Amino acid sequence: MQKDATGIEKPTLMRYAKILPEHQDSIYGLFNTRTEAQGYLAAVAKKYRLCNALVGLEKVEPGKSCFGYQVKKCEGACIGLVPLETHNLQLLSALSLYKVQRWPYPGAIAIRDGESMIVVDQWCYLGSAVDHEELFELVNSGSRNFDLDIFKIIKKALRGSHKDQVVQLSAKTLRMTD
């Protein structure tokens, strides 16, 4: 979400590759395609009678109403009948149902899986390690690529059978020994 110069909160569609850890507080829904994301946003706008123009689904000239208002599907935030603050709050409230869970750990973790450990940070798979040195290398590699399928697998594993197999990795845990 980004607030524009006029105070309107607008959802921003973002590709997975652009998702960074600092974006996690403002991610509402993860979709495979732009069309799927826009369809979801349109459904939210319809259900909550939000303005398609204000959520970025329709372009209108300043001062003109959106098509939704003309067919009684929008409350009129586009022409000032509803305060922007109210529209913004309604949008954020509707989207909060689909807010993506923030990474629940202060840093990287390892999930015990037999003789190896699966290393994960910020919902990103970093690799598999069998010893302390490999753990250190993976955590410090700097490579963090978000992937929707991996996110779903990790989330399910952390809630299910692997939740008791998590080892939080800290600087102290990863300090190299000579």
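The shown structure was predicted, so the numbers you read here are calculated from the model rather than taken from an experiment.
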When clusters are formed by joining ILVMFWY residues with side-chain heavy atoms under 4.5 Å apart, either directly or through shared neighbours, do [X] and [Y] land in the same one?
{"X": "Leu91", "Y": "Ile8", "answer": "no"}
{"X": "Leu13", "Y": "Ile27", "answer": "no"}
{"X": "Ile79", "Y": "Val71", "answer": "no"}
{"X": "Phe151", "Y": "Ile118", "answer": "yes"}
{"X": "Val100", "Y": "Ile153", "answer": "no"}

Please give me the minimum heavy-atom distance between [X] and [Y], naming the atom from each residue.
{"X": "Cys74", "Y": "Cys78", "answer": "SG-SG, 4.1 Å"}
{"X": "Trp123", "Y": "Ile150", "answer": "O-CG2, 4.1 Å"}
{"X": "Tyr28", "Y": "Tyr40", "answer": "O-CE2, 4.3 Å"}
{"X": "Asp121", "Y": "Ala108", "answer": "OD1-N, 3.4 Å"}

Residue pair [X] / [Y], side-chain heavy-atom distance below 4.5 Å:
{"X": "Leu54", "Y": "Leu84", "answer": "yes"}
{"X": "Arg159", "Y": "Lys155", "answer": "yes"}
{"X": "His87", "Y": "Leu50", "answer": "yes"}
{"X": "Tyr105", "Y": "Leu158", "answer": "yes"}
{"X": "Tyr125", "Y": "Leu138", "answer": "no"}
{"X": "Phe67", "Y": "Val60", "answer": "no"}

To the nearest 0.5 Å, how far apart are [atom1] in [X] and [atom2] in [Y]?
{"X": "Asn88", "Y": "Lys3", "atom1": "CG", "atom2": "NZ", "answer": "6.0 Å"}
{"X": "Ser65", "Y": "Glu58", "atom1": "OG", "atom2": "CD", "answer": "8.5 Å"}
{"X": "Lys152", "Y": "Leu148", "atom1": "NZ", "atom2": "CG", "answer": "4.5 Å"}
{"X": "Asn52", "Y": "Lys59", "atom1": "CG", "atom2": "NZ", "answer": "13.5 Å"}
{"X": "Gln70", "Y": "Lys64", "atom1": "CD", "atom2": "NZ", "answer": "9.5 Å"}
{"X": "Lys10", "Y": "Leu57", "atom1": "NZ", "atom2": "CG", "answer": "9.5 Å"}

A quick test of your reading: do over 12 heavy atoms of other residues, nucleotides or ligands sit less than 6.0 Å from [atom1] of [X]?
{"X": "Tyr69", "atom1": "OH", "value": "no"}
{"X": "Lys46", "atom1": "NZ", "value": "no"}
{"X": "Glu61", "atom1": "CD", "value": "no"}

Any donor-acceptor pair under 3.5 Å linking the side chain of [X] with the backbone of [Y]?
{"X": "Trp103", "Y": "Cys124", "answer": "no"}
{"X": "Asp113", "Y": "Ser116", "answer": "no"}
{"X": "Arg112", "Y": "His162", "answer": "no"}

Going by the side chain to side chain contact (heavy atoms under 4.5 Å, CB included) test, name the single residue among Leu169, Val167, Val130, Val166 that passes it with Met117. Val167
